[in-house]
Amino acid sequence: MNDKATAADNQLSDDAIIEIKGMHKWFGEFHVLQDINLTVQKRERIVICGPSGSGKSTLIRCINRLEEHQRGSIVVDGIELTNDIKNIEKVRTEVGMVFQHFNLFPHLTIVENLALGPIWVRKVPKKEAEETAMYYLEKVQIAEQAQKFPGQLSGGQQQRVAIARSLCMAPKVMLFDEPTSALDPEMIKEVLDVMIDLAREGMTMLVVTHEMGFAKSVAHRVLFMDYGQIVEQNTPDEFFDNPEHDRTKLFLSQILH
Amino acid sequence: MDNTTTIDAKSSVKPPVSSVGVVGWARANLFNSWFNSILTLLTLLLLWKVIPPFVNWAFIDSLWWSTSAECKAAEGACWSIIPAKYRYILFGLYPYDSQWRPFLAIIILIGLLFYSRNRAHWKKSLAYAWLVGLILMGLLLRGGILGLASVESTLWGGLPLTLLLSVFGLTAAYPLGVLLALGRQSEMPAIKSICIIYIEMIRGVPLITLLFMSSIVFPLFLPEGVSINAILRAQVAIIMFTAAYIAEVVRGGLQGMATGQFEAAESLGLNYYQTMRLVILPQALKIVIPPTVSQLISALKDTSLVVIIALYDLLKTTQTTLSDPDWMGFSSEAYIFVALIYFACCYFMSSYSRRLEEELDTGL
């Protein structure tokens, strides 16, 4: 980690919530993640960018074990991710995930989508879970849609519901896997606004995105990945103004025009 | 006249008369080319040859309440065989004086089925109602208590037997099929291979073979003096057979599920059973309602194969009726009657499934 990033980290609380050390992953013969080392502090917000196929999605999917890593260690909130299914489920309750394609449950109403996790995983009484659900729906400004089904909502609304669904589990970390990539342009802002609100409240966030405006205004740290490695990481100002590596410069010139 | 300016643009142009109404429809669909016109005329000719004679036979020249002797003299259908023999067709060898008992059992069953049609009634109380209803039906058929004469199960026959084999067969085969489908998708090699072997073996064998095995081969392996009820053995064979087919239908539904649904459920921390029960199966089973119901309908009709192991189901009692010298030769009438009963059962299932599909449609 370079000095500037460390300086940024020091303004945050000192205890790490995610620690990844010497982590490797292969898909068959393909070495998709190579020697990843990453420490995320509580309340820290990290944006991960890079060309497609660089392993950025795979990296955050490893953090809640949707993908299994083959070497190195990942510790989330003091729990090491191993094959122990109990540990995996415990980590997943603490880590919220928002997907590119929302992945709402189409057979359940919006409020049922939100209450499902708390009722079955956290064993919250149904009524209380639904009250919590309504609270978060208010927060993402979609409470009036509570009794509808996901198929009746627009993409932007569905993604806001998906964020609220994760929040209902009161996660300590939120992972976002290209949350705006599947949206029509006019809906991107409503989702980013929700994410910015979340950032203001101090949520620990790892966001894979190409929304560089979001990275500039919200992130403490920007990571650039290519060919399965973290090529460069820095504060947003430094990252965008003075990229060090040629690959970073090339990438930025391609996406910023 | 300048009223053209006042005419609403939408109504100002009407479609040509020839393209609407019956004439328009017939032109567009029946006479839209010389080949289709010939087909239409041929079909009309065929219908003219078939329908009037059938109506004559079935309704005009037919006898409804006559003796068999009168029937033999008549030209048309002899529906009289049904009022004369319906009790044997419906209840088989069941003692004549006690036939109100299977009749009552069927009424209870039909009542429960119709009550269960409405999903608003699916509560715990309904499960209890079914439990009580099934016990009641069993007691009515068997007797032996409360002053009811005991009736051996070898005498059970006709409609009660068909419904018994179908209703129990289908309700047991469906959950078993779902479990087999899940097993076949399992990551545990032992469970996976057991399920694959089971499904492929059962599907590779005709139902008749299974029924023969259950009635002839299976008893050979039982210790001396132990015997298992013939109906139960046929029932188990039907359940095993149907379950294998249901399993493959359900597997199709499971494979149609997007991986995102599994990932979303898992990332909330739901375990395997919760993921399956709350997220995956409700969607997968909904997708496969049409093929599942086809499978269940065909299973219902397959129960008629139990005749080959000497069970007196609805079809067998009908055949036996027709061997009565008085009523020989009136098989069309008797078979039409039985066909209508089968049709009513199957139609109940398919109309229910259509309704269920509509109710479960959430727009995605």
Side-chain angles (χ1 to χ4, degrees), chain A residues 57 60-61 63-67 85-110 112-123 129 147-153 158 161-162 165-171 173-177 182, chain B residues 119-120 122-124 178 181-182 185-192 249-250 252-290 292 353-364:
Chain A
S57 285
I60 66 166
R61 286 161 61 85
I63 294 172
N64 69 349
R65 195 70 167 195
L66 288 180
E67 303 288 354
I85 189 78
K86 283 276 162 268
N87 274 355
I88 295 172
E89 279 163 12
K90 214 183 287 172
V91 166
R92 283 173 178 165
T93 60
E94 306 301 336
V95 178
M97 177 113 183
V98 175
F99 300 88
Q100 183 178 359
H101 296 287
F102 333 133
N103 297 352
L104 296 177
F105 306 130
H107 62 300
L108 299 177
T109 62
I110 298 305
E112 286 169 343
N113 262 277
L114 269 68
L116 190 74
I119 290 174
W120 293 94
V121 179
R122 294 232 188 265
K123 311 293 179 201
Q147 299 307 325
K148 288 192 182 169
F149 287 99
Q152 297 164 301
L153 268 54
Q158 290 194 46
V161 171
R165 177 173 70 179
S166 288
L167 292 176
C168 279
M169 290 293 289
V173 180
M174 286 283 283
L175 307 174
F176 294 83
D177 189 0
Chain B
R119 285 209 312 143
W122 289 9
K123 294 176 198 137
K124 240 187 193 144
V178 171
L182 290 177
Q185 303 279 74
S186 168
E187 282 167 14
M188 286 176 270
I191 291 182
K192 190 184 171 111
V249 168
V250 172
L254 290 173
Q255 282 178 339
M257 294 298 302
T259 48
Q261 291 291 309
F262 292 90
E263 290 179 351
E266 283 168 5
S267 70
L268 285 174
L270 294 172
N271 62 32
Y272 173 82
Y273 297 99
Q274 291 168 334
T275 302
M276 285 300 164
R277 190 163 79 81
L278 302 167
V279 176
I280 303 302
L281 282 178
Q283 298 183 61
L285 296 182
K286 192 192 100 184
I287 300 172
V288 296
I289 287 175
T292 309
S353 85
R354 249 178 287 139
R355 190 166 132 182
L356 202 58
E357 272 178 78
E358 277 166 29
E359 281 178 8
L360 295 178
D361 184 18
T362 59
L364 200 83

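Atoms considered below: every heavy atom in the structure, side chains included; atoms not considered: hydrogens, waters and symmetry mates. In what follows, every chain begins at residue 1, and chains take the letters A, B, ... in the order their sequences are listed.
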- Item | Heavy atoms from other residues, nucleotides or ligands near NZ of B/Lys124 exceed 12 (cutoff 6.0 Å) | no
- chain B: which of A/Met97, A/His101, A/Arg165 shares the most heavy-atom pairs with it under 4.5 Å?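 Max contact count across the listed options: A/Arg165.
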- Message: Please classify the contact between B/Glu266 and chain A as side chain, backbone, both or neither, with a heavy-atom cut-off of under 4.5 Å.
- Response: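 For B/Glu266, the contact with chain A is made by backbone and side chain together.
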- Message: For B/Ala265, which atoms come within 4.5 Å of any heavy atom of chain A: side chain, backbone, both, or neither?
- Response: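 Contact with chain A is through both the backbone and side chain of B/Ala265.
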- Using the test salt bridge (Lys or Arg N to Asp or Glu O under 4.0 Å), find all partners of B/Glu263 that sit at least two apart in sequence or belong to another chain. A/Arg61
Part of [X] lying under 4.5 Å from any heavy atom of chain B:
{"X": "A/Phe99", "result": "side chain"}
{"X": "A/His107", "result": "both"}
{"X": "A/Val98", "result": "neither"}

- Item | Side-chain ion pair, A/Arg92 and A/Glu89, N-O less than 4.0 Å | no
- Yes or no on salt bridge (Lys or Arg N to Asp or Glu O under 4.0 Å) for B/Arg354 and B/Glu357, after CA distance, side-chain angles and deciding distance? CA-CA 5 Å; B/Arg354 249 178 287 139; B/Glu357 272 178 78; over 6 Å; no
- Those residues at least two apart in sequence (or on a different chain) that pass side-chain hydrogen bond (donor to acceptor under 3.5 Å, both in side chains) with A/Lys148 are A/Gln145
